[in-house]
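Shown next, in structure tokens, is the structure this report addresses.
Computed over heavy atoms, backbone and side chain alike; hydrogens, waters and symmetry mates excluded. First the proteins, then the strands, lettered A, B, ... as listed; each starts at 1.
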Amino acid sequence: MKKFVLQKEEPRKRPEDYSIPYAELLNQQQMDAVFHEKGPALVVAGAGTGKTRTLVHRVARLVESGINPSNILLLTFTRRAAKEMLRRASNILDERCKQVQGGTFHFYCSMLLHRYSDAIGYPSNFTIIDTADALEVIQFVRTQLNLHKKKKRFPNKNTLLNMISTSKNKHLDLRIVLLEEYPQFLEQEEKIIQVAEAYQEYKEKNFVMDFDDLLINTRDLLAKNDDIRIKIASRNEYVMVDEFQDTNKLQAELTELFSSVHGNIMAVGDDAQSIYSFRGADHQNIMDFPERFKGTKLIKLEENYRSTPQILQVANNLLKQANFKFDKELYSNNKEGELPALVQSSSEHDQSRFITQALLQLREQGKELNEMAVLFRNGRDSFDLEVELNRKNIPFVKYGGQKFTEAAHIKDVLAHVRVLVNPMDTIAWNRVLMLLDGIGPKTAQDLFEWIQLAKNPYQLDLSDTTSKSYIDQLKELSKLLVDIKENDRSVSKVIELIVNYYRDFCKDRYDDYPKRLKDLEAFVNVSESFLSLPKMLEELALDPITATAVDTEQKTKEEAPLILSTIHSAKGLEWKHVFIIQCLDGIIPSAYSVEDEEQLDEELRLLYVAATRAEEMLYFSYPVLAQSAYGDYFTQPSRFITEMNEELVEEWKLIEEEQQQQLDEGDQKQLPG
DNA sequence: AGAAATGGTTTTTTT
DNA sequence: AACCATTTCT
């Protein structure tokens with residue numbers, strides 16, 4: 001027998017043992033995070049302090065040290081963020097980094113639940129409903145319960161879903177939620193609870209889960225089945241959670257469960273950037289982390305590499321206004337810049353003119369459009385600007401506000417897909433049938449009862465009711481569905497057929513149909529990238545198309561577009577020039593938050609997040625006059641801006657060209673000879 | 001009875 | 001602009 005001696009492999013511990021020169025690329029605190037070995041760690045990272053950079057290098061370092069990439073779990077706020085980080089890690093190391101488990105809590109939970117569906121009594125092909133679907137279910141059970149016929153106005157479906165979701169995310173009784181947050185609806189408590197129960201029942205009967213269910217059911221799965229928990233957590237040798245300040249209590253619990261075998265958990269976040277409490281996020285999670293995970297190593301990243309000192313001064317000054325103080329002061333060794341601008345315009349439209357012209361001027365100076373961004377509190381705050389940008393042919397993409405896949409016309413098309421994928425989908429059939437003339441909630445419901453019993457749910461010949469006005473339309477629909485079912489076509493071909501069928505409905509229903517028809521064409525193109533109809537539905541639910549509109553044809557040659565974004569959707573991103581528009585009291589802070597100190601603080605953090613996106617130059621802009629249905633009225637600039645130390649910003653005055661010329665002439669007259 | 005039209009109210013941010 | 005409740009139409 002021959003002996004072969006295996007050398008003992010020294011675990012790589014010190015930076016010098018690695019091929020990547022980490023010490024040259026990172027500062028000391030970042031190094032501490034990247035080289036943190038075992039046990040829990042909390043990285044408190046201020047805006048622009050290289051948080052993402054640190055996570056990316058930590059992934060690379062762990063993989064390089066020999067950890068199997070699929071035993072690393074990286075949880076992020078969006079799937080896009082996870083993909084981007086793994087791409088960057090692959091760039092600095094190699095492709096192995098792409099095998100790191102990653103994504104949102106919802107995505108990872110969905111994966112686990114599909115795998116262990118038996119344990120919770122669901123079929124493995126249960127479907128996920130997004131917010132818009134959930135709203136339709138609420139609407140459906142609401143009409144079924146026939147709750148109206150009361151002088152008192154019943155909460156709308158959005159409010160109802162918010163109530164239900166809050167009670168689940170914060171683990172409170174629905175009554176308590178009503179008492180604390182919706183006292184105006186307390187009178188209707190019984191009926192609201194009825195809706196909540198009917199909603200829950202619908203989901204269980206139809207084997208669907210909403211976003212909250214994904215988290216709750218995973219928590220229950222792991223908490224009640226120790227064998228499954230150990231199996232899953234054993235695999236998660238290293239767990240990292242990004243944006244920890246925006247996780248909710250459930251997610252904090254899940255974090256603990258996921259890492260419960262190895263205990264190697266690193267959370268990264270910034271309590272000053274917590275902006276999702278409306279969704280149940282609890283920035284207390286950051287403060288509680290060291291208690292939840294005993295022996296936590298605390299690492300603080302404090303040097304900002306993103307912005308000029310002038311921008312940071314403004315950001316720091318904003319935070320000082322908080323009712324509940326932060327112990328935070330960003331500093332930077334970056335080179336000096338200009339004072340942030342405070343721009344007052346006479347109207348919203350003049351504001352749009354200013355932004356557009358300023359953008360064009362910057363472009364002439366050689367700046368790329370995609371180095372600039374316009375940020376705002378609400379999706380609608382950019383409507384006027386969008387019109388102006390279109391007029392000036394400035395290409396832009398908008399993030400936040402209504403998503404592409406949430407628009408009614410796209411939902412209509414998708415409802416046909418859902419009917420084809422699952423003929424028992426009540427809500428989808430409802431939507432499809434109610435498009436037809438003469439079919440309302442009741443008839444749609446009756447037809448669905450019939451469909452449930454039919455041999456072929458797509459063969460809609462109800463020969464005995466020929467007298468009905470909608471019978472011909474029903475035949476058309478049936479022809480489409482049967483045809484798609486019987487032929488094996490590509491996803492995009494199917495979408496094209498549905499769009500062709502739907503086009504006339506679109507024209508009838510919407511005045512702005514040209515725009516919507518364009519969206520439909522774009523959707524046919526987008527659908528090419530999906531492998532199957534069920535996969536498409538799943539992907540779109542967990543990772544919806546975040547832009548508001550999608551280009552019909554990929555205009556590859558054209559320049560990279562300007563970014564318009566809600567502040568919420570701008571999280572984690574950065575641009576050289578950042579314009580924050582509609583800085584008005586009532587908008588930011590939102591009128592709904594001014595009563596409550598904590599909510600007011602969140603609005604302040606929102607403005608802080610917006611301001612810290614800027615690298616070179618920051619502009620706050622607001623109009624003094626606003627239009628409403630009843631006429632124009634004067635507005636107040638945001639209290640956060642008026643309370644700011646005025647030396648930190650420079651006021652810009654907008655002057656019309658003619659006025660300027662008159663001024664010039666006036667000046668000349670005063671000049672001697 | 002049930003669909004469509006009309007009038008008055010409310011309107012955030014998103015996985 | 002979307003939504004809810006009520007009124008009018010088929």
Value in whole Å for how far the [atom2] atom of [N] lies from [atom1] of [X]:
{"X": "A:D384", "N": "C:dA1", "atom1": "CG", "atom2": "P", "result": "13 Å"}
{"X": "A:F154", "N": "C:dC3", "atom1": "CZ", "atom2": "C1'", "result": "14 Å"}
{"X": "A:I129", "N": "B:dT14", "atom1": "CD1", "atom2": "C1'", "result": "15 Å"}
{"X": "A:F185", "N": "C:dC3", "atom1": "CZ", "atom2": "C1'", "result": "12 Å"}

_Closest to the A:Y592 side chain, choosing from B:dT11, C:dC4, B:dA3_ =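 Per side-chain heavy atoms of A:Y592, the pick is B:dT11.
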
Does NZ or CZ of A:R80 fall inside the cone over A:Y399's six-membered ring, less than 6.0 Å from its centre and within 45° of the axis?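 Yes, A:R80 lies over the aromatic ring of A:Y399.
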
A:Y276 on top of B:dT13's base, within under 5.5 Å and under 30°?
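Stacking between A:Y276 and B:dT13: absent.
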
TODO: Check whether the side chain of A:T566 and the base of B:dT14 form a donor-acceptor pair under 3.5 Å.
DONE: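 Under the 3.5 Å cut-off, the side chain and the base do not form any donor-acceptor pair.
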
Without hydrogens or angle criteria, can the side chains of A:N378 and A:D381 be said to hold a donor-acceptor pair below 3.5 Å?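 Looking only at side-chain atoms, A:D381 and A:N378 do form a donor-acceptor pair, the distance falling under 3.5 Å.
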
Margin query: On the nucleotide C:dC4, are OP1 or OP2 found under 4.0 Å from the side-chain N or O atoms that A:Q139 carries?
Written below: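 True: A:Q139 side-chain N/O within range (under 4.0 Å) of C:dC4 OP1/OP2.
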
Sort me out a list of protein N/O and nucleotides 4-6 of chain B N/O pairs below 3.5 Å, or just none if empty.
from, atom 1, to, atom 2, distance (Å)
B:dA4, OP1, A:G438, N, 2.6

* Please report the shortest heavy-atom distance between A:K411 and A:E406, naming the atom on each side. =>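 Answer, listing the atom of A:K411 first, then A:E406: CG-O, 3.9 Å.
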
